[in-house]
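One structure is given here, and the rest of the page talks about it.
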Amino acid sequence: MDLSRLLAQKHLYSEERLVEECHTLISRLYPGLAVRWAKIYGKRWAFIKGNQEGLSLHAEKYQLSPHIGIILDNPEAISPEDKKELLAALKECFNHGTG
Amino acid sequence: MIMSKAEIDRWVSQVIKPEQIERYLVNGHDFIDDSFIQETLLKNKNPDKSRIREIIAKSLELQRLEPEETAALLNCEDEELWEEMYKAGGQIKEKVYGRRIVFFAPLYISNYCVNSCVYCGFRSENDKSIRKQLTMEEVAAEVRALVSKGHKRLIVVFGEHPLSDVHFIAKTLETVYSTKEGRGEIRRCNVNAAPMSIEDLEILRDVGIGTFQVFQETYHHETYKKLHPRGIKANYGWRLYALHRAMEAGVDDVGIGALFGLYDPKFEVMGLLMHTIDLEKRFGGVGPHTISFPRLEPASNTPFTRKSKYLVDDKTFKKLVTVIRLSVPYTGMILTARETPEVRRDIIPVGVTQIDAGSNIGIGAYSTDTVDYDRQQFILGDNRSLDEVIREMAESGRITSFCTADYRCGRTGNYFMDIAKKGKIHHLCMPNAILTFKEYLLDYASEETKKVGEKLIQKELEALPSEALRNTVKEMLTRIEKGERDLFL
């Protein structure tokens with residue numbers, strides 16, 4: 001997937017830029033998947049960017065690094081295998097992602 | 001605990017960062033133009049019926065009003081139209097937030113203060129005030145006492161003093177969040193404290209602050225100057241931009257407020273609106289998360305609280321709250337236990353979204369269950385227990401919510417405002433209210449409250465907008481009955 005190409009370049013990007021790049025990539029790879037990005041401060045998940053259309057009853061949230069989280073508003077839009085792969089790649093990106 | 005006057009003075013002298021006021025000024029001026037407000041109020045005297053009805057219709061579409069429109073509502077003298085406005089206020093609240101009402105508790109941590117607000121029992125010159133600051137062990141004891149009553153949301157309150165600086169506040173938040181009692185814990189901790197620099201606010205952001213609340217008290221420059229003659233709080237601009245700095249620091253839920261009774265209340269409502277407009281303008285449409293409108297209450301050894309010529313009577317107060325509701329339809333509104341039960345019964349239906357109950361504002365008073373006026377900032381009007389107030393709300397068809405899901409799910413700032421403005425937030429508020437209310441009924445409620453509450457839950461389940469949602473909530477309720485806690489959408 002294109003994320004692997006991004007992974008190879010992750011050291012070049014700041015965390016904010018990485019969110020932008022990942023968001024663009026996810027939109028391209030999974031056009032039907034609605035995601036939101038959040039900056040994590042203790043209990044607070046502060047909205048950064050992403051889906052603002054409607055509310056989800058089955059949202060799933062995942063912590064990608066100590067500071068960044070992603071919320072999948074419609075996780076059913078991708079297969080469990082794709083979701084697993086996507087989250088693993090994102091976690092790798094953000095755990096070591098700051099340039 | 002003891003600090004020398006020189007040490008305190010040194011701390012005071014470095015609090016205000018002038019560049020963190022100046023960066024927001026436009027041509028050297030702040031966004032409160034006293035003359036503009038006075039003129040707008042004057043120009044919109046005697047509004048005709050059709051104009052008022054047009055403005056009400058705009059509010060019902062969940063659009064924020066412009067200053068001229070708010071001024072027209074404030075100047076309305078037709079009681080028939082006021083009845084229409086009260087009704088519209090209630091409809092707006094229900095459209096945005098549903099029939100739920102959020103409960104919280106205030107927790108006073110420290111009343112040491114370097115300021116001299118003439119209306120405040122905590123002012124530094126008040127020798128009658130017994131000074132106290134909780135230790136972290138005492139904070140934990142207070143939290144355990146509150147949690148054991150069923151509370152999930154707090155607002156912690158601090159005087160402005162080097163002993164309760166940002167590091168102390170951060171430590172307090174950490175203590176609050178890490179204290180457990182039985183099956184409960186505090187899930188959201190808001191802060192009411194003095195204005196801070198962006199750097200200090202980042203410290204509070206990092207420990208998971210809920211809403212940061214700073215009230216301007218009065219927006220009228222000259223009155224502000226008279227009532228805050230000395231101390232850090234004498235700087236109007238430092239306080240006015242406290243929440244702009246919070247937003248810049250990434251604390252994207254902020255609460256504004258005015259203390260009614262210090263100056264012309266119509267001016268203060270206009271000030272609250274101008275504050276909202278400026279925040280929205282500068283932060284991508286994100287205004288205040290909540291608006292508070294406390295009335296001046298008697299305080300120990302503080303004669304000003306009884307002699308101010310701007311004290312607001314109950315009837316006028318209801319009108320002011322209604323105009324705030326109509327002016328900023330999508331923002332949370334807080335009515336505290338300063339007010340008597342009778343006043344709260346009358347005002348809540350015009351659009352209030354949050355209240356406190358079972359409150360004790362004495363420092364260290366929850367764990368000892370005592371009342372001591374000399375340790376309080378003012379005197380409370382509603383001393384009923386949390387259970388009593390929750391039951392009364394349920395009897396009137398309002399479901400108690402202890403929901404804290406939004407800020408734990410990335411529904412903050414721009415995202416929250418956007419869905420609130422579209423009138424969609426109640427799609428989550430009502431299910432989450434049902435779930436947290438169920439927890440309360442199972443773990444803390446009296447038998448009487450349980451009976452009323454269970455009936456209300458059944459009614460609200462039936463009223464959920466879809467079968468799918470109803471089934472999801474029912475399944476979660478079953479899990480709660482089996483012992484799971486903290487479930488939310």
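Numbered from 1 within each chain, the chains take letters A, B, ... in sequence-line order. Note that the structure is a prediction, hence the values are computed from the model and not measured.
In this structure, the portions of A/L57 lying under 4.5 Å from any heavy atom of chain B include both its backbone and its side chain. Contacts between A/K43 and chain B at a heavy-atom distance below 4.5 Å involve backbone atoms as well as side-chain atoms. For chain B, the nearby part of A/H58 is the side chain; its heavy atoms alone come within less than 4.5 Å. Both the backbone and the side chain of A/A46 come within contact range of chain B, judged by heavy atoms closer than 4.5 Å. Residue contact with chain A, scored on non-hydrogen atoms closer than 4.5 Å, involves the backbone and the side chain of B/R411 alike. Using a 4.5 Å cut-off between heavy atoms, B/L173 makes no contact with chain A at all.
The environment of NZ in B/K180 is crowded: more than 12 heavy-atom neighbours from other residues, nucleotides or ligands sit within 6.0 Å.
The pair B/E439-B/R183 does not count as a salt bridge, with every side-chain nitrogen at least 4.0 angstrom from each carboxylate oxygen. A salt bridge is defined here as a Lys NZ or Arg NE, NH1 or NH2 lying under 4.0 Å from an Asp or Glu carboxylate O, and B/K482 with B/E484 fails to meet this definition. Using a cutoff of 4.0 Å between basic side-chain nitrogens and carboxylate oxygens, B/E467 and B/R470 are scored as salt-bridged. Note on B/R100 versus B/E460: no salt bridge recorded, every NZ/NE/NH1/NH2 to OD/OE distance being 4.0 Å or above.
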Quick one, B/N190 with B/Q213, criterion side chain to side chain contact (heavy atoms under 4.5 Å, CB included). Give me CA distance, side-chain angles, the key distance, then yes/no. CA-CA 8 Å; B/N190 303 329; B/Q213 203 181 57; over 6 Å; no
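Of all heavy-atom pairs spanning B/E248 and B/F283, the tightest one is CG-CE2, 3.9 Å.
Interface check for chain A: of the options B/V207, B/N414, B/T472, B/D406, the most heavy-atom pairs under 4.5 Å are formed by B/N414. For the options B/L489, B/D252, B/I209, B/L469, heavy-atom pairs under 4.5 Å to chain A are most numerous at B/D252. Of the listed residues (B/C189, B/G210, B/P431), the greatest number of heavy-atom pairs within a distance under 4.5 Å of chain A belongs to B/G210.
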